[in-house]
There are 2 protein chains.
Amino acid sequence: MKKRGNRYHHGHLAESLLDAVDEIATQFGIEAVTLRGCAKRIGVSPASAFRHYADKRALLTVFATRALNQLADAMEVAKLQAQDKGEDMLQAVCMAYVRFALTKPAFFRAMWREEMIYSRDSDYLAATDRLAGYLQEGFVKTIADEDPSEFSPQELLAWSTVHGLACLFVDGPVAREQDRDEKLQLTNDVLAQLLPVFKI
Amino acid sequence: MKKRGNRYHHGHLAESLLDAVDEIATQFGIEAVTLRGCAKRIGVSPASAFRHYADKRALLTVFATRALNQLADAMEVAKLQAQDKGEDMLQAVCMAYVRFALTKPAFFRAMWREEMIYSRDSDYLAATDRLAGYLQEGFVKTIADEDPSEFSPQELLAWSTVHGLACLFVDGPVAREQDRDEKLQLTNDVLAQLLPVFKI
DNA sequence: AGCTATATGTAAACGCCGTTAACTTACAAT
DNA sequence: ATTGTAAGTTAACGGCGTTTACATATAGCT
């Protein structure tokens, strides 16, 4: 956090705007994020954002990309920890996926709001590839299977399950009255049903 | 479609507004739906909507509920057809879920936009219960398991998988360049991995 | 049939939104 | 010191959701 003593130029406006999106989305939800609101929070004029982002959608695209990479980071940590302890790495990565969605629901929503972001953006796509990579690890690769954006049915099953769980918890009617730990326990139970499929 | 010959009163404004949401969401996406746009399409003043819906969110809640029931209808048809042909009913219902999302992506999105609807609305919740019911059929019920909003890990696994697949197809980076039939084939492949789990 | 209450429409205004155009300031290179 | 450019400001535009005050049509009552 930099101070800003009435200087005409802000200096780090692009990043500050991302932080503002972060804070407003966390407090009031991603739908409550407005460019004017972000600018006001930073203490800058409404039009200034357009020097750094083509439009609101471009800002949200960068924010979504940032969120994707945060999720990927969390998955990497979970993978390494499981590796150290000799635990199931796929299980750990799946749990990290759902845990992130439950901890930062507004971020998780922003990642997948197709109509609010430029989902063909190359940085965004690279982040999704990175994310997918952690879910693909541990599965046997065939020769025709080099493209990271191609999934085997098993890999897609794993991703679908954790993604579906996360979405149903965050936006759906499942376990709405239960707290985070109960939802994580439920996730554990569901994964206990699923993971044996991959061990055959 | 009723004609409206410059009468002061419209007569079926509540339903007409829902139809307008339907058409605009189908053409331009759910984010492009505005109350003023709906009113204009019907040929009615912007303020008239508030005689029938408390606010925009209430309108979208009813629309989401309608969409949920359409999905539930499709699942019921799929179930009955599978029953007639002696095919796997759970498989049929799962396929119907994903097929609906691919055929009407804007509707599928609207169903789960937590921040755009009143998701504690009783009609909305009843529709989600109905939906869940079709996915729960075929699973063994325990005595403590009467509440339709409670799910066994197996039932939740089934729902998560199809919901995750649908979301990844509609809003995610999975199979984006492939057409509807290829995605349905992929869905079939994923379900072929999953469904044996339930047959033990 | 006429009167009235109520339901259902309109018009005008409010503040907020994203975005643009024209202008200003500060910094960096010469 | 001059000057070009990057990064801010101000003012305006039309569109948005929503409210308030008003207008009109319908339904029930006598």
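Just the heavy atoms: all of them, side chains too, but no hydrogens, waters or symmetry mates, feed the values below. In what follows, chains carry the letters A, B, and so on, assigned in the order in which the sequence lines appear, proteins first and then strands, with residues in each chain numbered from 1.
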Output the rounded distance in Å from [atom1] ([X]) to [atom2] ([N]).
{"X": "A:Phe50", "N": "D:dA12", "atom1": "CZ", "atom2": "P", "value": "18 Å"}
{"X": "A:Leu13", "N": "C:dA26", "atom1": "CG", "atom2": "P", "value": "16 Å"}
{"X": "B:Met116", "N": "D:dC16", "atom1": "CE", "atom2": "P", "value": "14 Å"}
{"X": "B:Leu35", "N": "C:dT10", "atom1": "CG", "atom2": "P", "value": "14 Å"}
{"X": "B:Lys40", "N": "C:dG9", "atom1": "NZ", "atom2": "C1'", "value": "19 Å"}
{"X": "A:His12", "N": "C:dA26", "atom1": "NE2", "atom2": "C1'", "value": "15 Å"}
{"X": "B:Leu17", "N": "D:dT18", "atom1": "CG", "atom2": "P", "value": "13 Å"}
{"X": "B:Arg36", "N": "C:dC16", "atom1": "CZ", "atom2": "P", "value": "16 Å"}

Of all heavy-atom pairs linking B:Ala39 and B:Leu17, the shortest is N-CD2, 4.4 Å
Closest approach of A:Lys56 and A:Val33, non-hydrogen atoms and distance?
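Smallest heavy-atom distance, with atoms named: NZ-O, 3.0 Å.
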Give the nucleotide from the list C:dA12, D:dG17, D:dT10 with an atom nearest to the side chain of B:Thr34.
D:dG17
Sequence-distant partners of B:Asp171, salt bridge (Lys or Arg N to Asp or Glu O under 4.0 Å), two or more places apart:
B:Arg109, B:Arg113
OP1 or OP2 of D:dA7 versus the side-chain N and O atoms of A:Ser48: is any pair under 4.0 Å?
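Negative; the distance criterion is not met.
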Starting at the 5' end of DNA chain C, which residue's closest nucleotide do you reach first, A:Pro46 or B:Ser45?
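Nearest-nucleotide comparison on DNA chain C picks B:Ser45.
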Please identify each residue that fulfils side chain to side chain donor-acceptor pair (under 3.5 Å) with A:Asp123, with sequence neighbours left out.
none
By side chain to side chain donor-acceptor pair (under 3.5 Å), A:Ser119 pairs with (sequence neighbours left out) A:Glu114
Would you give me the side-chain donor-acceptor pairs under 3.5 Å for residues 43-53 of chain B, sequence neighbours excluded?
{"residue": "B:Ser48", "atom": "OG", "partner": "B:Ser45", "partner atom": "O", "Å": "2.7"}
{"residue": "B:Tyr53", "atom": "OH", "partner": "B:Ala14", "partner atom": "O", "Å": "2.8"}

Which residue pairs pass the side chain to side chain donor-acceptor pair (under 3.5 Å) test with at least one member in residues 32-44 of chain B, sequence neighbours excluded?
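Those involving residues 32-44 of chain B are B:Glu23-B:Arg41.
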Going by heavy atoms closer than 4.0 Å, what residues in residues 51-63 of chain B are next to DNA chain D?
B:Arg51, B:Asp55, B:Lys56
